[in-house]
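Throughout, protein chains are lettered first and strands after them, A, B, ... in sequence-line order, and every chain is numbered starting at 1.
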Amino acid sequence: MDVRVRFAPSPTGQVHIGNIRTAIFNWLYARHCKGKFLLRIEDTDLERSTKEAIDTLLECMAWLGLDYDEEIFYQSSRRDTHVKAAETMISKGMAYKVPMADGSASPIAFRIPWEPKGLSAVRDAGDAVIEVHPDIPVKIRNAGVSFAQTSSKGKPMEREACLAGFRQMKLYDANGNLVFELEKEIESVFNGKEFVFEKCSSIKFLRREVFYKDMIKGELSKPLDGMKDLIIVRSDSSPVFHLANVCDDIEQKITHIVRGDDHVENTYRHIFLFHALDYPVPEYAHLPMIVNQAGKPYSKRDGDAFVGDFREKGYLADALFNALTLLGWSPGDDREKLSRQEMIELFTLERVKSAPAQFDLNKLFNMNGLYLGEMSQDKFVAYAAEALAKTDWAVTADKEYFRKVAVLMQSRTKLISHALAWKYFFSDDYEYDMKALTKCFNKPEYIKAVSALPDFLSEAGDFTEQFTEAAIRKAEATASVDQGKLNQPVRVASTGTSVGAGVYETLALLGREKSVARIRKALTLLAEGTKNA
RNA sequence: GUCCCUAUCGUCUAGAGGCCUAGGACACCAGGUUUUCAUCCUGGUAACCGGGGUUCGAAUCCCCGUGGGGAUGCCA
């Protein structure tokens, strides 16, 4: 059977990395299995779903290379089908309208099936007894059983559960007398009859549970007496998530559901829904959450986690993709930087971890540098030009000169937005790090030596890195400064910053005229600084 | 409250009872590289949440705590 998975976001804001990570894992799984990756927009919340949100989602997916198969499926277009499905369930006795005390419109509730014929996901889990609090009457009616347990402090804790949770239920009063047997009355309960019993002591029943094997978490189960019938159509006739989601998974013939593990509890309900709609229950894989710096799951409120922001900050799509893939998954060996092809080949859901992971910005930063470093020179130059397209100095720069600068800086660039710091190569109007400057020139002999440098730089000869290096050595000699001690002062003097490529190469690239002028300017700035101080 | 999931360096992780004196990566620190560093190389600090079992042997299996997360909606 061909694998068909889907990414089903609701477009109610920006896409954050937790969200897109789910998309990535779905995509990876589909590509690994040579199956289909489908996109479904769950836009039933008309109030909050916006066109803009859909556009940004699509943009982010395109940027990351998450290509989907088949047409985009819009959930809102299927409202009628969803409601019809619920009505069919009513006619088959699988769902019912919830009677409202005030006579207002009834929502439709799905009944956790009393007798799920042909469903192998339910099994007996042994006899069970619940001690009930005598002050709260036990009620048995179509919508379920309600009663109260006793808390550790002796207070009643009210509970409600579906009828199906209490097969072979026997209710006992305070004296231990049997007062009610559900099995005997179940038909009349379905038909609306209500039973209320005061002063009860215990409920005995056959516990049953619904279970499934999660591809990531292993076998999971939930006792039916812990479940309630669920509303699938609101009183305003709009379908609820559970219904819409399952109907559409059926419509799209989904075989594997890969989603965040906040949906584990929903799975038990969805299993019954799939069965009621006569469709084989898909395989499930529940991904651990990604948590933010505070250790909390990412939400729409985590402003720094929007996918689009990473793009704007200058991160490469491949680096983000790679870093996100490593959250909760690893290939099993020490490899971390993986090509798309390698990821596809190696990805399996069985290797996904089950514990939440914190996204590490440092690691992403480093990963980005790795990707930048392996780029071809041509690509890097073009990428840098694109990133600097908004600066006048880069746009007007000589192409060949720009290329030389970019190539010189490539190995030390970890984030393309940091290319903004290359300004000093192109313009004389750059910031001076005065603190660094004064610090570098804290010895008078440095000032003396550097004062001699313009003359040496002006001597005849090709202005190569060998030439600039020799000039600096000569300048050092004039004031008996140790070899190399002048590198950093010269760098700051000529570029305004203490960080950059090798100073000899930098001067050579800058050219004789600029190098000389800048060093003179720096000396002037220094002199003024001393006077003012 | 109840139910469920989860737990290895600061972070992401490897780990399927003996290969673990717990490996890698990022970050951090130190040294080296033209005394720049947000490059590169070398080295270092740093973890099995706690307590009980099971076993000849436990990071690994079981139980009980504790921390974290989720669910308990006519939200998705």
Position toward the 5' end of RNA chain B (nearest nucleotide), A:G500 or A:S104: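 The 5'-side residue here is A:G500.
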Nearest-nucleotide wise, let me know which of A:N487 and A:T44 is further upstream toward the 5' end of RNA chain B.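 Comparing both residues, the 5'-ward one is A:N487.
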Check this for me: does any side-chain nitrogen of one of [X] and [Y] sit under 4.0 Å from a carboxylate oxygen of the other?
X: A:R40; Y: A:E42; answer: yes
X: A:E431; Y: A:K423; answer: no
X: A:R335; Y: A:D333; answer: yes
X: A:E476; Y: A:R473; answer: yes

Neighbours of RNA chain B within residues 212-219 of chain A, by heavy-atom distance under 4.0 Å: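 Heavy-atom cutoff 4.0 Å gives A:K217.
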Which residues, if any, of residues 404-411 of chain A bring a heavy atom under 4.0 Å of RNA chain B?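 Those residues whose heavy atoms fall under 4.0 Å from RNA chain B, taken from residues 404-411 of chain A in numerical order, are A:S411.
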Which whole number of Å gives the distance between the [atom1] atom of [N] and that of [M]?
N: B:rC9; M: B:rC49; atom1: C1'; answer: 14 Å
N: B:rG31; M: B:rG15; atom1: C1'; answer: 33 Å
N: B:rU6; M: B:rC62; atom1: P; answer: 11 Å
N: B:rA14; M: B:rC61; atom1: P; answer: 14 Å
N: B:rA25; M: B:rG43; atom1: P; answer: 10 Å
N: B:rA16; M: B:rA76; atom1: C1'; answer: 37 Å
N: B:rC26; M: B:rU42; atom1: P; answer: 11 Å
N: B:rG50; M: B:rG10; atom1: P; answer: 13 Å

Kindly say whether, by distance alone, the side chain of A:R412 makes a donor-acceptor pair under 3.5 Å with the base of B:rU39?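 Absent.
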Is there a donor and acceptor pair closer than 3.5 Å between the side chain of A:S354 and the base of B:rC5?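 Not at all, since no donor on one side and acceptor on the other fall under 3.5 Å apart.
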Just name whichever nucleotide pairs with B:rU2, Watson-Crick or G-U, keeping both distances under 3.5 Å, else none.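 Pairing partner: B:rA71.
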Using purine N1 to pyrimidine N3 plus N6-O4 or O6-N4 for Watson-Crick, or N1-O2 and O6-N3 for G-U wobble, both under 3.5 Å, which nucleotide pairs with B:rC26?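 Result: B:rG10.
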Round to the nearest Å and state the distance from [X] atom [atom1] to [N] atom [atom2].
X: A:I232; N: B:rC75; atom1: CD1; atom2: C1'; answer: 17 Å
X: A:F365; N: B:rA38; atom1: CZ; atom2: C1'; answer: 6 Å
X: A:Y268; N: B:rG70; atom1: OH; atom2: C1'; answer: 11 Å
X: A:R491; N: B:rA38; atom1: CZ; atom2: C1'; answer: 12 Å
X: A:N366; N: B:rG24; atom1: CG; atom2: P; answer: 16 Å
X: A:H286; N: B:rA76; atom1: NE2; atom2: C1'; answer: 13 Å
X: A:Y284; N: B:rA71; atom1: OH; atom2: C1'; answer: 16 Å
X: A:N19; N: B:rA76; atom1: CG; atom2: C1'; answer: 11 Å

Which part of the nucleic acid, if any, lies within contact of [X], taking any heavy atom under 4.0 Å across all strands shown: a base, the sugar-phosphate backbone alone, or nothing?
X: A:M157; value: sugar-phosphate
X: A:H263; value: base
X: A:M100; value: base
X: A:A501; value: base
X: A:K228; value: sugar-phosphate
X: A:N266; value: base
X: A:Q149; value: nothing
X: A:G226; value: nothing
X: A:E505; value: base
X: A:V240; value: sugar-phosphate

Please check the phosphate of B:rU72 (OP1 and OP2 only) for any side-chain N or O of A:R269 closer than 4.0 Å.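 Yes, such a contact exists.
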Looking at A:N245, does any N or O in its side chain come under 4.0 Å of the phosphate oxygens OP1/OP2 on B:rA76?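 Looking at the OP1 and OP2 atoms of B:rA76, neither is under 4.0 Å from any side-chain N or O of A:N245.
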Angle between ring planes, A:Y315 versus A:F365, binned at 30° and 60°: parallel, tilted or perpendicular?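 Ring orientation of A:Y315 relative to A:F365: perpendicular.
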Mind checking what makes ring-ring contact (aromatic ring centres under 6.0 Å, His included) contact with A:W329, not counting sequence neighbours?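 Checked A:W329 against ring-ring contact (aromatic ring centres under 6.0 Å, His included); matches are A:F347.
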Tell me, with the steps shown, if A:I130 and A:V132 meet side chain to side chain contact (heavy atoms under 4.5 Å, CB included). CA-CA 6 Å; A:I130 292 176; A:V132 303; 4.2 Å; yes
By nearest atom, which of the nucleotides [options] is closest to the [X] side chain?
X: A:L220; options: B:rC5, B:rU35, B:rC74; result: B:rC5
X: A:V499; options: B:rA76, B:rA38, B:rC74; result: B:rA38
X: A:H242; options: B:rA76, B:rU36, B:rC74; result: B:rA76

A:T497 OG1 to A:L437 CG distance, which is reported to the nearest 0.5 Å: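 These two atoms lie 11.0 Å from each other.
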Residues [X] and [Y]: side-chain donor-acceptor under 3.5 angstrom:
X: A:Q75; Y: A:R78; result: no
X: A:T495; Y: A:R491; result: no
X: A:T267; Y: A:R259; result: yes

Tell me, which pairs form a side-chain hydrogen bond (donor to acceptor under 3.5 Å, both in side chains) where one or both residues lie in residues 212-229 of chain A, sequence neighbours left out?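 Every side-chain hydrogen bond (donor to acceptor under 3.5 Å, both in side chains) pair that includes a residue of residues 212-229 of chain A, provided the two are not neighbours, is A:Y96-A:D229, A:R123-A:E219, A:R207-A:D225, A:Y212-A:D214, A:Y212-A:H286, A:D214-A:H286, A:K217-A:D261, A:K217-A:S354, A:K222-A:E265.
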Answer yes if the ring centres of A:Y432 and A:Y430 are under 6.0 angstrom apart, and no otherwise.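 Between A:Y430 and A:Y432, which both carry aromatic rings, the centre distance is below 6.0 Å.
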Output all residues satisfying side chain to side chain contact (heavy atoms under 4.5 Å, CB included) with A:V129, sequence neighbours left out; order by chain, then residue number.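 Scan of A:V129 (side chain to side chain contact (heavy atoms under 4.5 Å, CB included), adjacent residues dropped) gives A:E131, A:S202, A:K204.
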Listed pairs, N/O of protein and of nucleotides 10-14 of chain B, under 3.5 Å:
from   : atom 1 : to     : atom 2 : distance (Å)
B:rC12 : OP1    : A:Q358 : N      : 2.9
B:rC12 : O2'    : A:L326 : O      : 3.0
B:rC12 : O2     : A:K363 : NZ     : 3.3
B:rU13 : OP1    : A:G328 : N      : 2.3
B:rA14 : OP1    : A:S330 : OG     : 3.4

So, do A:F380 and A:T413 sit near enough that their side-chain heavy atoms are less than 4.5 Å apart?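 Yes, side chains in contact.
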